[in-house]
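Worksheet: one structure, shown below.
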Amino acid sequence: MIMKNLKYIIIVLAVSVLGLSSCTDLDEKVNDRIDATVYYQNEASVKGALAAIYNQTSSTLAGENFFHLSEYPADQLTWRVWNGGQWGWDEAMKTVLSWHNWNSESTIIQNAWSGAWTAVGLANLLLTDFESLDAEALGMTQEKLNQYVAEVRTIRAWNYYCLFELWGGALPLNVTSGSDVPGTADPDWDTSCKKIYQFIADELDQTYMQLPKEDGSRATVNRANQAMNRLLKARLLLNAEVFIHEAHYDECEALSKQIINGEFGSYRLADNYRDLYSIDNVKCPEVIFALAAEDGQGAANAISNVRTMVGMWYGYADYFGQSYDGIGAWNCVCLVPSYDNSGTVLPTGGSEGAKCFLDAPYNDKLGAPYERFDDRDIRKQNYVYNVTTKTHGPGMFLKGVMRSNFGTGDILKADADRDGQDLVYVDQLGTFLNQGRTLEVVMSPRWGETNSGVRLVKYPLYPNDDAGGFKSIDDVQFRLAEAYYNVAECEMRKGNSSEARNYVDAVRQRYFTAANRAAALSVPGPGFTSFDMDWMLSEWGKEYLGEGNRRRTDLRRFDKFTQGTWWFWGRATEPGIDLPAKRSTKYEWYPLPQSALSVNPGLIQNPNY
């Protein structure tokens, strides 16, 4: 595994000096860079430079800003405020994402943009360097050098894809390491989108054959490999209607089937889904590509800080038996609630007799993520870990009464608005203590309490041992299940629900025991009466819950991001804030930050802003 076996050589040049904000800073200069003829002495030095692009990509794409922009505006996770609307408020920095009322001055959009170009700029610089290298003089083959070039181009294409998903046709095409700063790819939004789309597609098509092909040894999991490249291309094709108003579902399906059939490497679906998120996940045959993480190195803090920790309370170590240096519990993020706030208020928070958003009078097809899971689904349990056998239970949530030592010890206590009370997580969100605002049947994420919302533990917080701990779990970004769901959706769009079910069931059968599997798979599950497009969208959500994909992978492609209703939309009120059942389609894309426009006159703002 390149990322774990190589030191992260972030060469003095890498992050701070590259003009990697070059799309926003017209005056960026490169002054401290080590000359390429001095640095590159052998193949090891090339690998060291290559490691830098993986490390920077980890910090950017698996870091918190892209996670915020992809999850909080969607229907599964929310940034909720508590303690009378004060803690976690931060001048609505993240709440605006849940409310869909951001603008070009919004902090998270600015932060995401500022960091987004670092990996692209580094890739451009490395490609310039690599093109000048003499493979034989460095003691390596030309074929190996070509592979390294293909890795950088593929990783750059992935970074561009993620930027494209957020800012669309407002992006520049910055593909050289020169000092010239490009403007938006084309003055016309749709033309610009097509140029960027084609650039990504061409980069992927031109490089995949030079990449390593997984042979079952798992040696390529932390490297850009053929299957990762092809799955990214399939992702681009699947979302082509969003990007360029063209349907490419047949191409997506054909490519996804090639991946499933092993044409780009040896993979298979995992029998135990926990293998995807545990310390040895690089050995899991379903994992196609994962960003390497190792406690104390590189981007481990950036990666681990945003997964699981976002929902953990300040006393989480009492439950998990371990705290972690360099990262902290946020207690700000929870699942979107499955129930309203009606009924009789309970002393520990929440209420008895509340109505589920899946049922009348709501009948929501979106949101309510916890109750979307069938009660027979093994994931719908609290997360536990056996410290003696070092094995994980199948559950991935925290709900109800919290006890120390993975639910076996004393009842834990809450803080803030429920300081000293038993900590009981409820699948609701509201001011049950009437603190800050009187309780209403449906309230927006501004008005939670310290125990509001079910918490997600997909990446397990288990104690450090010789094998490592939570911060050393590689971050899975591409896995085989996506290819199966691609095919399922493409079949569903053709009206072949039976074939779509076959591909979805190939994945979800692992979530049920042998005794109840057939019965569970025979029904669409809570909130649905048929196997239709709404069901397909829900299955995407359950499979990728909390993985930073919901806005990208699902809602926009199904025209539900601004046009769908869940939880508080059209039901809650906020002074001076409009929370309609359907929002303006301008929020389908993010605006360029005003600071970027100020320093780069060639950039053209998203026309809707």
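None of the values given here were measured: they were computed from a predicted structure.
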* Charged N-O contact under 4.0 Å between D505 and R508 -> yes
* May I ask you to test the Y160-N174 pair for a side-chain heavy-atom distance under 4.5 Å? => yes
* For T184 and L171, indicate whether the former's side chain and the latter's backbone hold a donor-acceptor pair under 3.5 Å. => no
* Run the salt bridge (Lys or Arg N to Asp or Glu O under 4.0 Å) check on R550 and E71 step by step: do they pass? -> CA-CA 6 Å; R550 183 60 169 172; E71 289 288 4; over 6 Å; no
* Asked: Is there a donor-acceptor pair closer than 3.5 Å between any side-chain N or O of D554 and the backbone N or O of N549?
  -> no
* Structure fact -> Of V476, L276, D475, V221, the one forming a side chain to side chain contact (heavy atoms under 4.5 Å, CB included) with N281 is V476
* Ignoring hydrogens and geometry, is there a side-chain-to-backbone donor-acceptor pair from T154 to E151 under 3.5 Å? -> no
* To do: Indicate whether any N or O donor in one side chain lies under 3.5 Å from an N or O acceptor in the other, for T207 and N229.
  => yes
* Asked: Would a 4.5 Å heavy-atom cut-off, applied to side chains only, mark E253 and N486 as touching?
  -> no
* Asked: Is the backbone of T191 close enough, under 3.5 Å, to the side chain of D188 for a donor and an acceptor to pair up by distance?
  -> yes
* Say you draw a straight line from CG of L480 to CG of L269; how long is it, rounded to the nearest 0.5 Å? -> 5.0 Å
* Intermediate values then yes/no, salt bridge (Lys or Arg N to Asp or Glu O under 4.0 Å), R307 and E547 -> CA-CA 8 Å; R307 62 185 186 195; E547 296 187 31; over 6 Å; no
* To do: Determine, stepwise, if the pair L545 / F397 fulfils side chain to side chain contact (heavy atoms under 4.5 Å, CB included).
  => CA-CA 11 Å; L545 177 63; F397 299 104; 3.8 Å; yes
* Which atom of F130 lies closest to which atom of V149, heavy atoms considered -> CB-CG2, 3.8 Å
* Value rounded to 0.5 Å, distance of SG in C193 from CD in E246 -> 11.0 Å
* is_close_aromatic(F164, W158), centroid dist under 6.0 Å -> no
* With a cut-off of 6.0 Å (strictly less than), are more than 12 heavy atoms of other residues, nucleotides or ligands near CD of E136? -> no
* To do: Using a cut-off of 6.0 Å, state whether more than 12 heavy atoms not belonging to K194 lie near its atom NZ.
  => no
* To do: Would you name the heavy atoms of Y54 and N222 that are closest together and state the gap between them?
  => CE2-O, 3.6 Å
* **Between D202 and Q198: side-chain donor-acceptor atoms closer than 3.5 Å** => yes
* Name the orientation class of the two ring planes belonging to H392 and Y385 (parallel below 30°, tilted from 30 to 60°, perpendicular beyond 60°). => tilted
* Is a side-chain N or O of R557 found less than 3.5 angstrom from the main chain of A240, in a donor-acceptor match? -> no
* Y544 six-ring centre to R479 NZ/CZ under 6.0 Å and within 45° of normal -> yes
* Would you indicate whether the side-chain heavy atoms of Y485 and L238 approach each other to under 4.5 Å? => no
* Parallel, tilted or perpendicular for W589 and F243, by the 30°/60° rule? -> tilted
* Asked: Can you list the steps and then say if L335 with Q76 is a side chain to side chain contact (heavy atoms under 4.5 Å, CB included)?
  -> CA-CA 6 Å; L335 297 192; Q76 294 188 310; 5.8 Å; no
* Asked: Sequence neighbours excluded, which residues qualify as side chain to side chain contact (heavy atoms under 4.5 Å, CB included) partners of E43?
  -> K47, M140, K144, Y148
* Asked: Is there side-chain contact between K233 and L204, with at least one heavy-atom pair below 4.5 Å?
  -> yes
* **Closest contact, heavy atoms only, Y277 versus E543** => OH-O, 4.3 Å
* **Contact check, side chains of M536 and F531, non-hydrogen atoms, under 4.5 Å** => no
* Asked: Just wondering, do R230 and D205 contact through their side chains at under 4.5 Å, heavy atoms?
  -> yes
* Structure fact -> Sequence neighbours excluded, the answer for ring-ring contact (aromatic ring centres under 6.0 Å, His included) partners of Y511 is Y273
* Asked: Does N261 use its side chain to pair, donor to acceptor, with the backbone of K257 at less than 3.5 Å?
  -> yes
* To do: Compute whether any side-chain donor of one residue and acceptor of the other, for E489 and Y249, lie under 3.5 angstrom apart.
  => no
* Report yes or no: do Y40 and D134 form a side-chain donor-acceptor pair below 3.5 Å? => no
* **Euclidean distance, K471 NZ relative to D295 CG, rounded to 0.5 Å** => 4.0 Å
* Got a donor-acceptor contact below 3.5 angstrom from the Y39 side chain to the S45 backbone? -> yes
* Would the Y459 and F470 ring centres measure less than 6.0 Å apart? -> no
* Structure fact -> Value for CG (N55) from CG (L50), rounded to nearest 0.5 Å, stands at 11.5 Å
* To do: Locate the shortest heavy-atom distance separating A500 from M492; write the atom from each residue and the value.
  => CB-CE, 3.8 Å
* Asked: Do the non-hydrogen side-chain atoms of F66 and L163 ever get within less than 4.5 Å of each other?
  -> yes
* Do the side chains of Q477 and L291 get nearer than 4.5 Å, heavy atoms only? -> yes
* Give a yes or no on whether the backbone of D271 and the side-chain of R510 come within a donor-acceptor separation of less than 3.5 Å. => no
* To do: Measure the spacing between OG of S256 and OH of Y484 and express it to the nearest 0.5 Å.
  => 11.0 Å
* Asked: Sequence neighbours excluded, which residues qualify as side chain to side chain contact (heavy atoms under 4.5 Å, CB included) partners of E214?
  -> S217, R218, T220, Y267
* In sequence, state the C-alpha distance, the side-chain angles, and the governing distance for R268 and E286, and then conclude on side chain to side chain contact (heavy atoms under 4.5 Å, CB included). => CA-CA 5 Å; R268 64 175 176 82; E286 185 174 328; over 6 Å; no
* **Separation between OG of S70 and CG of L166, rounded to the nearest 0.5 Å** => 6.0 Å
* By salt bridge (charged side-chain N to carboxylate O under 4.0 Å, His left out) - contacts of D186 (at least two apart) -> K195
* Is there a donor-acceptor pair under 3.5 Å between the side chain of D280 and the backbone N or O of D275? -> no
* **Test side chain to side chain contact (heavy atoms under 4.5 Å, CB included) applied to M396 and R274, step by step** => CA-CA 9 Å; M396 65 178 191; R274 269 286 166 217; 3.4 Å; yes
* Counterpart residues, ring-ring contact (aromatic ring centres under 6.0 Å, His included), relative to Y208 (two or more places apart) -> F264
* Taking only residues two or more places apart in sequence, or in another chain, which ones meet D250 in a side chain to side chain contact (heavy atoms under 4.5 Å, CB included)? -> K494
* Asked: Do the side chain of R156 and the main chain of V120 share a donor and acceptor less than 3.5 angstrom apart?
  -> no
* Asked: For A293 and I473, which heavy atoms make the closest approach, and how far apart are they?
  -> CB-O, 3.4 Å
* Structure fact -> Nearest heavy-atom contact between A170 and W189 is N-CZ3, 3.4 Å
